[in-house]
Protein chains: 2
Amino acid sequence: MTARTPDSARDIPEATVARLPVYLRALTGLAEDGTTTCSSEELAASAGVNSAKLRKDLSYLGSYGTRGVGYDVEYLRYQIAREIGVTQDWPVVIVGIGNLGHALANYSGFRSRGFRVVALLDADPDRHTDVVAGLEVRSFEDLETIVAEHDVSIGVIATPAVAAQSVADRMVASGITSILNFAPTVLTAPEGVDVRKVDLSIELQILAYHEQRKAGAIETEVLS
Amino acid sequence: MTARTPDSARDIPEATVARLPVYLRALTGLAEDGTTTCSSEELAASAGVNSAKLRKDLSYLGSYGTRGVGYDVEYLRYQIAREIGVTQDWPVVIVGIGNLGHALANYSGFRSRGFRVVALLDADPDRHTDVVAGLEVRSFEDLETIVAEHDVSIGVIATPAVAAQSVADRMVASGITSILNFAPTVLTAPEGVDVRKVDLSIELQILAYHEQRKAGAIETEVLS
DNA sequence: CTTTGTGAATCAGTTCACAGCA
DNA sequence: TGCTGTGAACTGATTCACAAAG
C-alpha cells in the first residue's frame, strides 16, 4: 500500500463532480473569447458559483493554479476534461425515438463533449424506416449486437414510462452500466449500474412551488 | 404576530421540495393501481427513497398519516399537490422551437401536471408558419402581449446558448418570475426571479466520470 | 402490535478566513 | 503584494432509534 492513493483514485465529492462539467463549459467559453489566464474569481463568475467553492472543488483534482496569478485556461480545461473522462470518446445508444429521442439524437452538445451516438433504437417497426440525425432507426432487438459491436457502456432511455424499466433491464443484461433516464418513472438497477434521471416536469413543479410562495408573500404584504 | 406561521408558510427544505414531485408521481401510480392506503415503507419503495427520509419529508407538510396504519393515497396525493401548487393551472410560454422546443411543446407530462403551454415563440420568421402541438409558432416580439394576456409567470427557454441570456432578460422585463433553462449556458437574473436549468450533456458527463472510475477499478483489481 | 412523527446523532456540503507561495 | 489552497467553523441534509398514537 502506498501512503497516497495514486492518480485519479482520490475520491471527489458528488456535489463537486456535478459542477465539473459546468467549469469545463465556462473554461471553453473563456478560451473562445481568447482568455489565456483567469483568477478563481473570474472563472467562478462565468460558472455562476462563488470563488471559495470553485477553489475547494478544484483542490480535489490537484494544484493546477499559480498563487498570485490564477489558472491557465487551456491547461485547467484539459485537466478537468481528463478527470471527467471526456477526453476519450463514449459510444452511446438512444432507445425511444419519439419527440424527445429525436431532439436528443440531433443535440450537438453530445457530439462536441465526447459522446458519440452509435445507434437509435425503437420498438415500433413503423419507425424503422426513419433516418434521424444521419442514423437509421433500428429495432430494439438489435441492442445486444450493437452494444457488443461498439463496446457501449452508456444508454439513454427516452421511451414512455411504461416501457422504461424493461428497456433498462435489457440494457443491463446486454452489458450497459450507466443509464440516463428521461422517462418519468423510477428505475431500479442492480448494484454497480449507475442510473441518473432527467425529469422535465419535476423541474417545472419545483418552480411552481416557489412561484406559489411568491404570490403568498405578496398577499401577506398587502394584508400587513 | 401569531405564535405559529399559518397555513403553507412553513419553510420546507429545498431537498424536500425537490422530492415532493416524485412522491406525487408515485402516489398517482399507486392510485391507478387501485391502492387506497400505503405505509411509508411502500410509498418510499415506489419513489426510490428510504422510508425514514420519506417520513421526515412528509412531516414538514403536516401530519397526514395514521400511526399503525399508513397514509390514505388520495388524501396525501391531494395535500402534496396543493403544497407544490399544481392543483391550480400554470400558464407557460416556450421560447425556441427547435428540436427540443418541439419535444417540450408535445410533452404530455406538462399538461397532466397543471401546466398549460399558452404560446410557442421563435425569433426565426421561417418558423412562424408552423403549427406545433396545436399551437401556431409566433414571433418573439409577441412575448409581452402574451405574458400580459395570460398572466404568465413561468417561461421555458429552449433556444441556442447564445440567445438564452437576452431571452431571459426580455422574459424578466415582461413580468416572468420563474425560468426553466434548457440552453447550455449560465443565466443571470435579478433577485426574486428563480432560474432552474436542465442540462442534457452535464448528466451524461457525470455518468462518464463514474464509468471511467469503474474501468479504473477493474484495472486495479486485475493488477492486485 | 404496528407504523407514524420527530428529537438527537451523524454525515455531507458550503463558507470563512488566512497561511503559504509566486 | 495578490491569489491559491485548505484547515476550521458552520449550515443543511440524512439517518437513527424510539416515544407517542391508533
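Letters A, B, ... are given to chains in the order of the sequence lines, protein chains preceding strands, and every chain is numbered from 1. Computation of the quantities below employed the complete heavy-atom set of this structure, encompassing side-chain atoms and omitting hydrogens, waters and symmetry-equivalent molecules.
With sequence neighbours left out, the side-chain contact (heavy atoms from CB on, under 4.5 Å) criterion links B:Arg67 to no other residue. With sequence neighbours excluded, no residue satisfies side-chain hydrogen bond (donor to acceptor under 3.5 Å, both in side chains) with B:Gln88. By the salt bridge (charged side-chain N to carboxylate O under 4.0 Å, His left out) test, A:Arg196 pairs with B:Glu203, sequence neighbours left out. Annotation: side-chain contact (heavy atoms from CB on, under 4.5 Å) contacts of B:Ser166 (sequence neighbours excluded): none. With sequence neighbours left out, the side-chain hydrogen bond (donor to acceptor under 3.5 Å, both in side chains) criterion links A:Asp89 to A:Arg116. Residues that satisfy the side-chain hydrogen bond (donor to acceptor under 3.5 Å, both in side chains) test with B:Arg77, not counting sequence neighbours, are B:Glu74. Residues satisfying the side-chain hydrogen bond (donor to acceptor under 3.5 Å, both in side chains) criterion with A:Thr16, sequence neighbours excluded, are A:Asp57. When the ring pair (Phe, Tyr, Trp, His ring centres under 6.0 Å) test is applied to B:Tyr75, the partners found at least two apart in sequence or on another chain are B:Tyr64.
Remark: C1' of D:dT6 and CG of A:Leu54 are 14 Å apart, rounded to the nearest angstrom. Distance B:Glu41 CD to C:dC1 P: 20 Å, rounded to the nearest Å. Protein atom CG of B:Leu76 is 14 Å distant from nucleotide atom C1' of C:dG5, rounded to whole Å. For the pair B:Glu42 CD and C:dT2 C1', the interatomic distance rounds to 13 Å; values are reported in whole Å.
A donor-acceptor pair under 3.5 Å is absent between the side-chain atoms of A:Asp33 and the main chain of A:Thr35, judged by distance alone.
Counting heavy atoms from C-beta outward, A:Lys214 and B:Asp194 have side chains that approach closer than 4.5 Å.
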Base, backbone or nothing for each nucleotide of nucleotides 8-16 of chain C, written B, S, -, heavy atoms under 4.0 angstrom, 5' to 3'? B----SSB-
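A heavy atom lying under 4.0 Å from DNA chain C marks none of the residues of residues 23-37 of chain A.
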Atom pairs, protein N/O to nucleotides 18-22 of chain D N/O, distance under 3.5 Å:
from   : atom 1 : to      : atom 2 : distance (Å)
D:dA20 : N3     : B:Arg67 : NH1    : 2.7
D:dA21 : O4'    : B:Arg67 : NE     : 3.4

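Side-chain nitrogen and oxygen atoms of B:Ser40 include none within less than 4.0 Å of the OP1 or OP2 phosphate oxygen of C:dT3.
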Check: residues 91-107 of chain B side-chain donor-acceptor pairs under 3.5 Å, at least two apart:
from     : atom 1 : to       : atom 2 : distance (Å)
B:His102 : ND1    : B:Gly98  : O      : 3.4
B:Asn106 : ND2    : B:His102 : O      : 3.0

